[in-house]
Each structure stands twice: as structure tokens, then as C-alpha cells.
Amino acid sequence: MTRIAVFASGRGSNFEALVAAERAGVFPGEIVLLLSDQPNAGALEIAAAHDIEGRVIETAKRRGRIDPDSEALYVEACRGAGVEWICLAGFMRIIGQPLLSAFTDRIVNIHPSLLPSFPGLDAQRQAWEYGVRVSGCTVHLVDAGMDTGPIILQQAVSVMEGESAGQLASRILAQEHKAYPEALRRVLTGAWHREGRRINFQKTEGESA
Ligand code: GRF
């Protein structure tokens with residue numbers, strides 16, 4: 001079983017969906033650690049409720065990045081728990097070199113838009129205000145940029161006539177809760193390789209060409 005850490009700053013609904021999917025055997029991994037930069041994150045309560053070790057590692061704000069000293073503590077905590085993959089689930093910090101070098105191509109993020117459109121904060125509202133007819137969510141590997149890494153999976157959500165940005169965000173969130181476990185299943189089972197920005201999944205037996 002692959003040992004997984006989740007990093008979350010907020011309410012933790014994606015974290016909870018990942019825990020539920022893990023327990024249902026959707027992907028061959030075990031979530032062993034929840035790290036948060038926010039002492040009052042809802043995700044910490046969810047971790048406690050599921051007997052998952054939850055820890056807070058606070059970090060000074062540096063243009064959205066983790067400060068280097070704190071980032072070393074994140075690396076240490078993950079290594080100490082034997083973590084192999086990291087899932088960012090509403091973690092409001094840009095990941096830097098210490099984590100990227102320690103877990104190259106083993107850090108995943110979920111973003112509530114169809115990237116590369118609408119990276120950054122409040123993506124659902126950005127898309128709604130722009131007037132797009134289709135938005136959705138993206139699960140991607142994390143690189144040094146903000147929401148720029150190679151894409152594992154995307155799920156489209158049509159914008160409904162007359163709905164508010166909040167209603168759109170709720171419908172996207174419901175899809176996030178399915179897309180994140182499925183993306184993990186894809187990278188943790190079967191073979192894949194990176195070719196520049198592209199991730200190529202090898203077809204498994206039984207899949208048509
Ligand atoms: C989600 O919309 C996720 O896509 C984004 O941050 C939000 C986190 O929500 N990165 P939650 O804490 O998982 O409920």
C-alpha cells in the first residue's frame with residue numbers, strides 16, 4: 001500500500017472524500033498523515049474522527065509560499081511517516097523546492113477549474129464571471145508554478161442558465177470528490193510516464209485501442 005499524506009488548510013471536504021474512497025478500496029493507498037498550516041482547519045477534525053494523525057505546521061506568509069524553514073518541517077514529517085505521495089486538498093500555499101525535490105512527480109493537487117483556464121484563487125467565480133459555458137475541475141501533478149503541473153484528469157461541469165457562482169462551485173465540488181480518488185487510482189495503479197507536460201497512461205489488458 002502506498003503511504004499518502006494530505007495537506008489541507010480549510011474545511012477538508014476533499015480530504016474526507018479521499019479518506020472515504022481509501023476505505024472503500026478505490027485506490028491502493030493508505031492516508032497516514034494530515035498536515036495543515038492552519039490550527040483551526042476543519043480537516044484536522046476530520047483526521048481525528050478517522051484516526052489519522054493530524055499535525056499543524058504553521059508557516060510565515062511569503063507571497064503565498066511556505067517559508068523554507070517550515071517547508072523543511074513538512075518534508076521531515078512526511079519522511080518520518082514513510083510517506084510516498086502527497087495530495088494537496090485546499091492547501092493554500094505554493095509548494096517550493098524542498099518538497100518538490102523530495103517528492104518529484106509524487107505531489108498531486110486538485111483545482112476547481114479546467115486548467116489552464118482560471119488558475120489561482122476563487123477559480124469557480126472567475127469562470128462564472130467570465131461567462132464560460134463549461135467549467136469543471138482538474139487533478140494535476142504539482143510543479144513549481146501555481147496550478148501549472150501536468151494534468152492527470154479533468155472533469156467538465158456545464159454552467160446552468162441562471163445559476164449563481166456559489167451554485168456552480170457546489171456542483172464542481174461534488175465532481176471534485178469523485179475526480180480526486182479516481183485520479184489517485186490512475187497514478188497508483190498501472191503504468192504511466194511523463195513526456196514533458198503530458199502524462200501517458202499505458203493501456204491495461206482488456207482496454208480497447
Ligand atoms: C476545493 O475547491 C479545491 O479544489 C481547492 O480548494 C477547495 C478545498 O475545499 N483547491 P475542501 O477544503 O476540500 O472542502
Side-chain angles (χ1 to χ4, degrees), residues 4-23 26-27 29 31 33-50 52 54-57 59 61 64-66 74 85-96 99 107-130 132 134-157 159 163-184 186-187:
I4 298 167
V6 178
F7 294 5
S9 304
R11 68 190 158 185
S13 73
N14 276 288
F15 168 51
E16 195 163 30
L18 286 172
V19 172
E22 177 225 277
R23 302 208 168 166
V26 172
F27 54 81
I31 300 171
L33 184 63
L34 181 277
L35 295 181
S36 183
D37 58 326
Q38 300 294 329
N40 51 5
L44 289 162
E45 284 167 34
I46 296 169
H50 291 90
I52 294 169
R55 281 176 60 185
V56 179
I57 303 176
T59 159
K61 270 200 177 170
R65 296 188 167 272
I66 314 179
Y74 276 82
W85 280 77
I86 295 169
C87 293
L88 308 183
F91 187 64
M92 304 307 278
R93 290 274 179 274
I94 298 170
I95 299 298
L99 278 160
I107 307 178
V108 188
N109 181 43
I110 185 152
H111 182 76
S113 76
L114 293 178
L115 291 170
S117 293
F118 313 117
L121 288 178
D122 222 354
Q124 307 94 324
R125 177 167 289 279
Q126 289 184 53
W128 182 86
E129 281 177 357
Y130 193 93
V132 297
V134 179
S135 191
C137 61
T138 303
V139 185
H140 63 92
L141 292 180
V142 172
D143 64 10
M146 186 173 60
D147 304 322
T148 51
I151 292 171
I152 299 165
L153 182 152
Q154 293 187 297
Q155 178 62 52
V157 174
V159 180
E163 77 176 335
S164 66
Q167 286 167 329
L168 174 62
S170 305
R171 291 192 310 107
I172 292 174
L173 190 64
Q175 295 307 315
E176 291 182 45
H177 295 162
K178 297 180 197 162
Y180 212 166
E182 170 59 15
L184 263 191
R186 286 194 195 175
V187 289

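Counting starts at 1 for both ligands and their atoms, following the listed order. Heavy-atom basis, side chains included; hydrogens, waters and symmetry copies ignored.
Heavy-atom contacts of Pro112 reach the following atoms of ligand 1: 2 (O), 4 (O), 5 (C) (cutoff under 4.0 Å).
With respect to atom 9 (O) of ligand 1, the closest heavy atom belonging to the protein is Arg11 NH2, 3.3 Å. Considering only non-hydrogen protein atoms, atom 1 (C) of ligand 1 sits nearest to Glu176 OE1, 3.2 Å. Of all protein heavy atoms, the one closest to atom 13 (O) of ligand 1 is Asn14 N, 2.8 Å.
Ligand 1 has an N or O atom lying under 3.5 Å from an N or O atom of Ile110, backbone or side chain.
Looking at heavy atoms from C-beta onward, Tyr74 lies in side-chain contact with Phe91 at the 4.5 angstrom threshold.
The side chain to side chain donor-acceptor pair (under 3.5 Å) check on Glu182 picks up Arg185, Arg186, with sequence neighbours excluded.
Across Gly90, Gly12, Ala17, Gly42, heavy-atom proximity to atom 12 (O) of ligand 1 is greatest for Gly12.
Of the options Ile107, Ile31, Val6, Val187, a side-chain contact (heavy atoms from CB on, under 4.5 Å) to Trp85 is made by Val187 and by none of the others.
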Can you give me every donor-acceptor pair (side chain of residues 139-146, partner residue at least two apart or in another chain, under 3.5 Å) with its distance?
unit_1: His140; atom_1: NE2; unit_2: Asn109; atom_2: ND2; d: 3.1
unit_1: Asp143; atom_1: OD1; unit_2: Gly145; atom_2: N; d: 3.0
unit_1: Asp143; atom_1: OD1; unit_2: Thr148; atom_2: OG1; d: 2.5
unit_1: Asp143; atom_1: OD2; unit_2: Thr148; atom_2: OG1; d: 3.3

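More than 12 heavy atoms of other residues, nucleotides or ligands sit less than 6.0 Å from atom CD of Glu129.
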